[in-house]
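For reference, the structure discussed in these notes is given below.
Numbering of ligands and ligand atoms starts at 1, following listing order. Residue numbers start at 1 and run along the sequence shown. What you are looking at is a predicted structure, and each value in this text was computed from that prediction instead of being measured.
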Amino acid sequence: MAKVGIMGAGSWGTALALLLYKNGHEVAVWSISKEEVEMLSTKREHASKLPGVKIPEDMEFTTDMEAVIKGKDFLVLAVPSPFTRSTARSMKPFVADGQIIVDVSKGIEETTLMTLSQQIEEEIPQADVAVLSGPSHAEEVGRGLPTSVVIGARTKGTAEYLQKMFMNEVFRVYTSPDMLGMELGGSLKNVIALAAGIADGLGYGDNTKAALITRGIAEIARLGVKMGGAVESFTGLTGIGDLIVTCASQHSRNRKAGYLIGQGMSMQAAMDEVKMVVEGVYSTKAAVKLGEKYDVALPIIGEVNKVLFENKDPREAVNELMLRDSKAEHSALPWKEM
Ligand SMILES: NC(=O)C1=CN([C@@H]2O[C@H](COP(=O)(O)OP(=O)(O)OC[C@H]3O[C@@H](n4cnc5c(N)ncnc54)[C@H](OP(=O)(O)O)[C@@H]3O)[C@@H](O)[C@H]2O)C=CC1
Ligand SMILES: O=C(CO)COP(=O)(O)O
């Protein structure tokens with residue numbers, strides 16, 4: 001049995017707290033919000049985010065960060081990506097040398113273009129930082145539906161230790177040394193999921209969605225491989241796997257926000273309506289900057305950026321994608337000389 005501290009009591013933090021508790025670990029959860037701590041401690045259910053999922057009486061919720069960090073075998077960081085750096089900075093004084101922090105959030109910092117693990121390593125240099133990613137909606141993990149994810153870490157030892165801690169008969173965990181590829185896949189898929197939602201909101205069909213998913217992963221992999229990620233991370237659970245679930249699922253916040261935008265809502269109104277974090281909105285600008293920095297064409301991401309931040313009509317964005325210069329799908333094989 002391990003002692004685990006969870007930082008963040010939103011849907012993902014709570015679902016993972018329950019999973020680790022069921023695996024026999026002792027779990028304490030920190031939230032920045034007094035109201036959230038009070039609600040979870042008394043109601044023993046996250047009614048708005050994980051309705052119907054009971055929280056055990058002996059799972060502690062608190063705003064006391066030090067108490068949740070000190071003496072824990074590992075920590076799980078599950079706050080929205082715009083708050084990863086600030087939360088890590090507040091955690092730093094309490095984190096022991098070599099203490100493991102598993103980041104489970106998905107995003108890229110717009111100003112520095114750093115992944116979340118890079119930000120945490122910068123803020124808490126004494127920590128052993130790992131990541132968990134893959135197709136895993138909290139609503140389904142909370143209900144114990146079969147799910148597969150990947151743990152990425154600097155060392156095989158940490159990855160395999162965490163694999164053992166998280167894995168059970170409905171939660172299958174693979175390991176990977178490619179933290180960069182995993183994190184790029186996890187954050188960039190949210191931008192494509194916004195596009196898929198927009199297409200749904202416009203009333204487009206399955207053909208459109210399949211094209212967005214397929215050309216979207218081509219974009220993500222092109223950039224990710226150029227940045228040093230492994231192609232297998234983009235063709236695996238943390239790439240195409242997470243992209244499929246986010247573009248297709250009724251649970252996806254990014255797809256839902258995109259849907260509302262496709263129906264005519266402004267970006268801000270759509271985010272307010274979703275009520276939970278819509279990470280793709282934050283990752284879009286960072287993705288555009290990464291495309292420029294690494295000189296990689298990102299046509300779908302570029303159009304999402306214009307729809308979100310330049311009030312471009314989504315129909316016009318789709319038209320432009322359809323009418324780009326004609327080209328070959330790929331150049332993996334040479335043409336035959338006739
Ligand atoms: N939900 C999911 O299915 C999955 C989510 N993820 C990722 O996990 C991360 C968290 O998502 P999720 O749990 O859904 O988000 P939620 O919106 O459900 O919850 C976020 C939590 O962070 C808290 N919070 C708000 N502001 C701050 C702050 N300034 N500092 C620290 N904490 C703050 C929120 O408190 P309050 O409620 O008071 O605002 C809430 O407890 C995201 O990066 C997401 O992409 C990854 C896989 C699955
Ligand atoms: O990353 C996720 C599932 O793997 C969650 O996606 P959303 O944030 O769009 O709900």
Side-chain angles (χ1 to χ4, degrees), residues 6-19 29-40 46-51 53 61-63 65 68 76-91 102-109 115-117 119-120 131-143 145 147-150 166 171 182-183 185-197 237-260 270-272 274-284:
I6 310 272
M7 317 305 295
S11 34
W12 197 211
T14 307
L16 288 174
L18 288 166
L19 171 94
V29 185
W30 169 88
S31 168
I32 197 164
S33 156
K34 241 189 206 155
E35 294 74 38
E36 194 164 54
V37 163
E38 250 166 54
M39 182 272 291
L40 290 166
H46 212 319
S48 60
K49 295 184 176 177
L50 295 175
V53 178
F61 293 88
T62 175
T63 54
M65 190 176 255
V68 171
V76 174
L77 183 47
V79 298
S81 62
F83 307 123
T84 298
R85 186 181 284 281
S86 58
T87 307
R89 195 169 290 162
S90 312
M91 290 167 66
V102 193
D103 184 72
V104 299
S105 303
K106 296 172 178 172
I108 302 169
E109 193 169 45
T115 62
L116 302 183
S117 72
Q119 293 169 51
I120 301 165
V131 296
L132 179 152
S133 191
S136 49
H137 279 292
E139 293 80 354
E140 298 190 2
V141 172
R143 286 166 55 209
L145 303 183
T147 298
S148 294
V149 300
V150 184
F166 279 92
F171 199 75
M182 289 175 63
E183 289 187 275
S187 48
L188 297 175
K189 60 88 186 171
N190 284 333
V191 185
I192 305 298
L194 279 165
L237 289 166
T238 58
I240 190 72
D242 210 358
L243 181 61
I244 291 171
V245 87
T246 317
C247 289
S249 174
Q250 49 162 331
H251 301 301
S252 166
R253 287 140 273 257
N254 288 284
R255 195 199 75 85
K256 187 170 177 195
Y259 180 86
L260 295 170
M271 285 170 79
D272 293 346
V274 170
K275 293 189 183 76
M276 285 179 269
V277 63
V278 182
E279 295 284 24
V281 168
Y282 306 105
S283 296
T284 300

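Note on ligand 1: Ser136 sits in its first shell, one or more heavy atoms being nearer than 4.0 Å.
Here is the list of ligand 1 atoms found below 4.0 Å of a heavy atom in Ala138: 1 (N), 2 (C), 3 (O). Of all the atoms in ligand 1, the ones that sit under 4.0 Å from a non-hydrogen atom of Ala78 are 10 (C).
Using a distance-only test at 3.5 Å, with no hydrogens or angles considered, no donor-acceptor pair links the side chain of Glu109 to the main chain of Gln119. Of the possible donor and acceptor atoms, none in the side chain of Ser105 sits under 3.5 Å from a partner among the backbone N and O of Asp103. A donor-acceptor pair under 3.5 Å is absent between the side-chain atoms of Ser33 and the main chain of Ser31, judged by distance alone. Trp30 contributes a side-chain N or O that, together with a main-chain N or O of Thr63, makes up a donor-acceptor pair within less than 3.5 Å. The backbone N or O of Ser249 sits less than 3.5 Å from a side-chain atom of Arg255, completing a donor-acceptor pair. Judged by distance alone, the side chain of Ser252 and the main-chain N or O of Cys247 form no donor-acceptor pair under 3.5 Å. Using a distance-only test at 3.5 Å, with no hydrogens or angles considered, no donor-acceptor pair links the side chain of Glu140 to the main chain of Thr147.
Ranking the protein heavy atoms by distance from atom 37 (O) of ligand 1 puts Glu36 OE2, 3.1 Å first. Protein heavy atom in closest approach to atom 45 (O) of ligand 1: Glu279 CG, 3.2 Å. Considering only non-hydrogen protein atoms, atom 33 (C) of ligand 1 sits nearest to Ile32 CG2, 3.6 Å.
None of Asp242, Asn190, Thr246 except one satisfies the side chain to side chain donor-acceptor pair (under 3.5 Å) rule with Lys106; the exception is Asp242.
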Pairs of nitrogen or oxygen atoms, one from ligand 2 and one from the protein, closer than 3.5 Å: please tabulate them with distances.
unit_1: ligand 2; atom_1: 1 (O); unit_2: Lys106; atom_2: NZ; d: 2.7
unit_1: ligand 2; atom_1: 1 (O); unit_2: Lys189; atom_2: NZ; d: 2.7
unit_1: ligand 2; atom_1: 4 (O); unit_2: Lys106; atom_2: NZ; d: 3.0
unit_1: ligand 2; atom_1: 4 (O); unit_2: Gly134; atom_2: O; d: 3.1
unit_1: ligand 2; atom_1: 4 (O); unit_2: Ser136; atom_2: N; d: 3.0
unit_1: ligand 2; atom_1: 4 (O); unit_2: Asp242; atom_2: OD1; d: 2.7
unit_1: ligand 2; atom_1: 6 (O); unit_2: Lys189; atom_2: NZ; d: 3.4
unit_1: ligand 2; atom_1: 8 (O); unit_2: Arg253; atom_2: NE; d: 3.4
unit_1: ligand 2; atom_1: 8 (O); unit_2: Asn254; atom_2: ND2; d: 3.2
unit_1: ligand 2; atom_1: 9 (O); unit_2: Ser252; atom_2: OG; d: 2.7
unit_1: ligand 2; atom_1: 9 (O); unit_2: Arg253; atom_2: N; d: 3.2
unit_1: ligand 2; atom_1: 9 (O); unit_2: Asn254; atom_2: N; d: 3.0
unit_1: ligand 2; atom_1: 9 (O); unit_2: Asn254; atom_2: ND2; d: 2.7
unit_1: ligand 2; atom_1: 10 (O); unit_2: Arg253; atom_2: N; d: 2.9
unit_1: ligand 2; atom_1: 10 (O); unit_2: Arg253; atom_2: NE; d: 2.7
unit_1: ligand 2; atom_1: 10 (O); unit_2: Arg253; atom_2: NH2; d: 3.0

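Across all their heavy atoms, Leu194 and Asn254 have their closest contact at CD2-O, 3.3 Å. Closest non-hydrogen pair, Thr14 versus Ala9, comes out as OG1-O, 3.2 Å.
At a heavy-atom cutoff of 4.0 Å, ligand 1 is contacted by no atom of Val141, backbone or side chain. At a 4.0 Å heavy-atom cut-off, ligand 1 touches Val277 through backbone and side chain alike.
Counting only heavy atoms, the protein never gets under 4.0 Å from atom 39 (O) of ligand 1.
Shown here are the salt bridge (charged side-chain N to carboxylate O under 4.0 Å, His left out) partners of Glu36, two or more places apart in sequence or in another chain: there are none.
Comparing Tyr282, Trp30, Trp12, Phe83 against atom 6 (N) of ligand 1, the shortest heavy-atom distance belongs to Trp12.
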